[in-house]
Amino acid sequence: MSLLAPRSQLLNDLNAEAYRRSVAEGVERVAERLAGTARPFTGVAPDQLAPHITAVDLDRPLYDSAAALDELDALYLRDAVYFHHPRYLAHLNCPVVIPALVGEAVLSAVNSSLDTWDQSAGGTLIERRLIDWTTERIGLGEAADGVFTSGGTQSNLHALLLAREEAKAHPNRLRIFASDVSHFSVRKAAKLLGLGPEAVVAIPCDRDKRLQTVALANELERCAADGLVPMAVVATAGTTDFGSIDPLPEVARLAESYGTWMHVDAAYGCGLLASPTRRSLLDGIEHADSVTVDYHKSFFQPVSSSAVLVKDAATLRHATYHADYLNPRRMADERIPNQVDKSLQTTRRFDALKLWMTLRVMGADGIGRLFDEVCDLTARAWRILACDPRYDVVVEPALSTLVFRYIPDSVTDPARIDRANLYARKALFASGDAVVAGTTVGGRHFLKFTLLNPETTTDDISAVLDLVAGHAEQFLGDRLVHAS
Ligand SMILES: *Cc1c(COP(=O)(O)O)cnc(C)c1O
């Protein structure tokens, strides 16, 4: 094995050919795997894979890109969990669109950093255009702004930081109101922001898993009566488990009357912004003070691609810090666009380019139609589940998730049914035939489909339901059912 000149591995004008060849080799390996993937997962267990990864001597390089890719194929590509497979039905992971991957290849090669103009130039302007495009779709108005982030967790933290600063009260007295099925990152953010353990008030939901506005009104009233300060109301537009959308206009009215920051967590539901038929589900979002969107969930973008948007650009100053070496105050006076002034991050990827390429190649309607297709599929899948006596399904879906539970005729002990559902999920994962998620509802174990792949069919859904039932019945020692 010959030593490779390290300089030959730098991306520059001299090595352009090696760059082309190496990246094409990598792309080729992925394309081969995509073509040959019969199941979303091989079912490999951590104990099976770990020794192979541990055995790699990182201090003995292969000095050869093709050899490293061969190794990677065995260590990773072969056993990866493939979201493009129509029977991957688990988490909020989407199959990705090709224009975004072109963007990804370009952005990582040019490697712009979006903290300052002098590290990005046009990249900063492209990101700003996409922020404006998004705020226009939301309807946040002329003074709106925002910034790309690493994901919904960071966007929620960022929005709540602004809300905390606007509330101007001692952290111990601040309260955040969010439904009891809101995302856990709201609680995490409250902790990171130094709020007390009681800070997040969980508001109960109605039958459709939407925040109950009467309960919210009562809690806001109680908060005021106790001399506490309502810092923010978080409405979720697309809850992670149920896809339910909180009643945004009513939440907005309550937030307004209590002078409280309204944050809309649309990490999941943001795809509706592009939907040709379902945009009205987000009516009321335009009243928000801040909005979280995850393009890497319902815009079919690769991880990471997310943004936090605000109604009033001036509120972003709460995250501004001027460092002499990077973005001195003078630059703001000179109107040099330094995105770091608005961001929690410093060095930051040009993730916006993926969305840019997507919009330029496919258009927003193209993305919206894909999201519509998965919502339509989910409505059909719900009817299948609702008619299937083997299953109990929680809510009629607004977006593209289904939460359901296998309920055998012969068993009444709910704890045993819990174990059967847990077992079925695990056994299915170990088989690799399909991947489904799980959650709890009212303390009981349920299974979950998150449908984000327009290639998934109702036949896939029926087949996976048969597989789940087969595993659950096997666990319960019933007659073994062979699913096709
Ligand atoms: C996924 C999700 C988040 C967290 O987003 P990440 O991109 O995973 O950090 C926040 N809120 C909701 C409603 C989500 O579904």
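We're numbering straight along the sequence, starting at 1. Atoms within a ligand are numbered from 1 in the order they appear, just like the ligands themselves.
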Give the numbers and elements of all ligand 1 atoms closer than 4.0 Å to a heavy atom of D294.
5 (O), 6 (P), 7 (O)
Is a side-chain N or O of D289 found less than 3.5 angstrom from the main chain of M262, in a donor-acceptor match?
yes
Examine the side chains of H263 and S290 and answer whether a donor and an acceptor come within less than 3.5 Å of each other.
yes
Consider only side-chain N and O atoms of T457 and D459, and report whether a donor and an acceptor are under 3.5 Å apart.
no
Ligand 1 contact on T239 by region, counting heavy-atom pairs under 4.0 Å:
neither
Suppose I only count heavy atoms of H296 and a 4.0 Å limit; which atoms of ligand 1 are within that range?
7 (O)
Are any of the N or O atoms of T240 closer than 3.5 Å to those of ligand 1?
yes
Pairing donors with acceptors under 3.5 angstrom, does anything connect the side chains of T116 and N338?
no
Just let me know how K297 lines up against ligand 1, side chain, backbone, both or neither, with a heavy-atom cut-off below 4.0 Å.
side chain
How about S343 and Q339: does a side-chain donor come under 3.5 Å of a side-chain acceptor?
no
With heavy-atom distances below 4.0 Å as the criterion, list the atoms of ligand 1 near G151.
7 (O), 9 (O)
Note the single closest protein heavy atom to atom 11 (N) of ligand 1, along with its residue, its atom name and the distance in Å.
D265 OD2, 2.6 Å
Counting from 1 in the order shown, the ligand 1 atoms closer than 4.0 Å to a non-hydrogen atom of L92 are 15 (O)
Is Q154 in contact with ligand 1, taking contact as a heavy-atom separation below 4.0 Å?
no
Is there a polar contact between ligand 1 and Y268, counting only N or O atoms under 3.5 Å apart?
no
CZ/R369 to OG/S275 distance, rounded to the nearest 0.5 angstrom?
10.5 Å
Ligand 1 contact by G238, heavy-atom criterion under 4.0 angstrom:
yes
May I ask you to check whether E166 and H318 show a side-chain donor-acceptor distance below 3.5 Å?
yes
At under 4.0 Å between heavy atoms, which part of T292 makes contact with ligand 1: side chain, backbone, both or neither?
neither
Using a heavy-atom cut-off of under 4.0 Å, does the side chain or the backbone of T153 touch ligand 1, or both, or neither?
both
Fit a plane to each ring of Y295 and F148, take the angle between them on a 0 to 90° scale, and name the class: parallel (under 30°), tilted (30 to 60°) or perpendicular (over 60°).
parallel
Under 4.0 Å from any heavy atom of N156, which atoms of ligand 1 are there?
10 (C), 11 (N)
Distance-only donor-acceptor check, side chains T456 and Y88, under 3.5 Å
no
Side chains of D79 and T42 only: does a donor on one sit below 3.5 Å from an acceptor on the other?
yes
Please write down residue, atom name and distance for the protein heavy atom closest to atom 6 (P) of ligand 1.
G152 N, 3.3 Å
